[in-house]
2 protein chains.
Amino acid sequence: METIEQVLESKNIRITAMRMLIYKFLVEKEVAVTLSDIENAFEKADRTTLYRTIKTFEEKDIVHQIDDGTGITKYALCEKDCNCEIETDLHLHFHCTNCNKTICLTENKIPKITVPDGFISENVNLVVKGICDKCSG
Amino acid sequence: METIEQVLESKNIRITAMRMLIYKFLVEKEVAVTLSDIENAFEKADRTTLYRTIKTFEEKDIVHQIDDGTGITKYALCEKDCNCEIETDLHLHFHCTNCNKTICLTENKIPKITVPDGFISENVNLVVKGICDKCSG
DNA sequence: ATAACAAATGCACTTCCATTGCATTGGTTT
DNA sequence: AAACCAATGCAATGGAAGTGCATTTGTTAT
């Protein structure tokens with residue numbers, strides 16, 4: 001089991017108290033979070049710091065950004081060995097319109113999408129909206 | 001060939017000069033447009049009017065909203081017989097990262113997506129990012 | 001035709017999220 | 001300990017979405 005320090009170190013991210021707290025927060029959340037979610041969890045911290053921390057995590061492929069159609073960007077930890085930038089590794093996201101949570105369905109890979117001649121596909125974003133398992137029960 | 005008046009009438013939308021102009025603008029554009037695009041095309045008109053006109057068109061299923069991941073909502077005319085609200089009728093959208101245009105690929109239907117037990121899928125949004133035919137040539 | 005009503009438009013304003021500039025703090029290295 | 005660079009905090013900006021209200025325009029009924 002890797003420690004948080006080891007994760008950050010392996011990605012060449014300087015270890016700070018703030019970053020460790022935010023990372024821990026993301027691990028504990030099983031759903032994608034907005035910047036405001038993080039802000040509410042760390043009221044003492046400045047919004048900019050949280051924003052830039054997430055941006056750093058994103059650049060270093062620790063978190064990936066999710067646009068679930070609510071208009072607010074969400075973030076979630078990447079899988080251990082995920083290569084978010086590789087098309088074949090893309091998973092889909094589920095947005096529950098009832099509880100407003102967005103979940104990475106990492107087991108559900110996106111099927112091969114064909115595009116017309118002349119188009120070059122580099123990236124696919126797929127969001128399914130509906131009712132999640134917790135809300136449908 | 002239906003006239004613009006006939007289209008609006010058939011959808012129970014009151015005919016006004018502004019609405020006809022905006023509809024015509026959407027027809028002529030072959031790509032999805034932002035509110036700002038419309039705003040720039042009609043500098044004399046008020047933004048709110050354009051905003052509400054698009055909302056009206058949306059409610060009456062004349063246009064559909066597209067979230068292509070740029071963070072800015074885009075709109076495009078529905079196909080003649082499209083039922084945007086029906087899941088099986090969903091097509092995918094292509095966003096060109098070069099020219100920033102977003103195109104409806106109405107011929108490319110979204111494949112059946114499976115979600116885990118307990119999840120209920122109501123809607124699917126699929127955006128492919130890459131290079132469009134005009135830019136790749 | 002005109003009065004009465006409803007819908008459409010225009011203006012002003014607000015809110016929310018994303019983002020940036022700059023000053024300050026804190027940690028590393030020599 | 002000095003110098004340096006990265007991280008943080010504060011303040012402010014910008015852009016898009018959305019709302020309230022007054023005004024104009026179009027429709028309907030008398």
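Source: prediction; values computed, not measured. Numbers restart at 1 for each chain; the letters A, B, ... are given by sequence-line order, proteins then strands.
- Contact annotation: B:Tyr51 side-chain N/O to D:dG18 OP1/OP2 distance is under 4.0 Å.
- As rounded to whole Å, 15 Å separates atom C1' of C:dA7 from atom CG of B:Leu8.
- Atom CZ in A:Arg14 sits roughly 15 Å away from atom P in D:dC4 (whole-Å rounding).
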Atom pairs under 3.5 Å: protein N/O with N/O of nucleotides 8-15 of chain D:
| unit_1 | atom_1 | unit_2 | atom_2 | d |
| --- | --- | --- | --- | --- |
| D:dT8 | OP1 | A:Thr16 | OG1 | 2.9 |
| D:dG9 | OP2 | A:Thr49 | OG1 | 2.8 |
| D:dG9 | O6 | A:Arg52 | NH2 | 2.6 |
| D:dC10 | N4 | A:Thr48 | OG1 | 3.0 |
| D:dA11 | N6 | A:Thr48 | OG1 | 3.4 |

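- Distance A:Glu59 CD to D:dA7 P: 11 Å, rounded to the nearest Å.
- At distances below 3.5 Å, at least one donor-acceptor pair connects side-chain atoms of B:Asn108 with backbone N or O atoms of A:Thr114.
- The interatomic distance linking B:Glu9 (CD) with D:dT27 (P) rounds to 10 Å, in whole Å.
- Shown are B:Val124, B:Leu92, B:Val128; of these, the side chain to side chain contact (heavy atoms under 4.5 Å, CB included) with A:Leu126 is made only by B:Val124.
- When rounded to the nearest whole Å, the span between CD1 of B:Ile54 and P of D:dA16 equals 15 Å.
- Two rings, from B:Tyr75 and B:Phe57, have their centers 6.0 Å or more apart.
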* Asked: Which is it for A:Lys129 and B:Glu122 under the salt bridge (charged side-chain N to carboxylate O under 4.0 Å, His left out) test, yes or no, and what are the steps along the way?
  -> CA-CA 6 Å; A:Lys129 284 190 218 269; B:Glu122 289 175 347; over 6 Å; no
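- The side chain of A:Lys55 places an N or O atom within less than 4.0 Å of a non-bridging phosphate oxygen (OP1 or OP2) of C:dT19.
- Atom C1' of nucleotide C:dA8 and atom CD1 of B:Ile13 are separated by 13 Å, given to the nearest angstrom.
- Close placement of the B:His91 and B:His93 rings is indicated, their centers lying within 6.0 Å of each other.
- Going from atom CZ of B:Arg47 over to atom P of C:dA12 covers 13 Å, rounded to whole Å.
- A donor atom on one side chain and an acceptor atom on the other are found under 3.5 Å apart for B:Thr102 and B:Lys74.
- Across the protein-nucleic acid pair, A:Asp67 atom CG and C:dA18 atom P stand 10 Å apart, rounded to whole Å.
- A:Thr73 comes within contact range of the sugar-phosphate backbone alone, with a heavy-atom separation under 4.0 Å but no base atom that close.
- Rounding to the nearest 0.5 angstrom, the gap separating the NZ atom in A:Lys24 from the CD1 atom in A:Ile4 is 6.5 Å.
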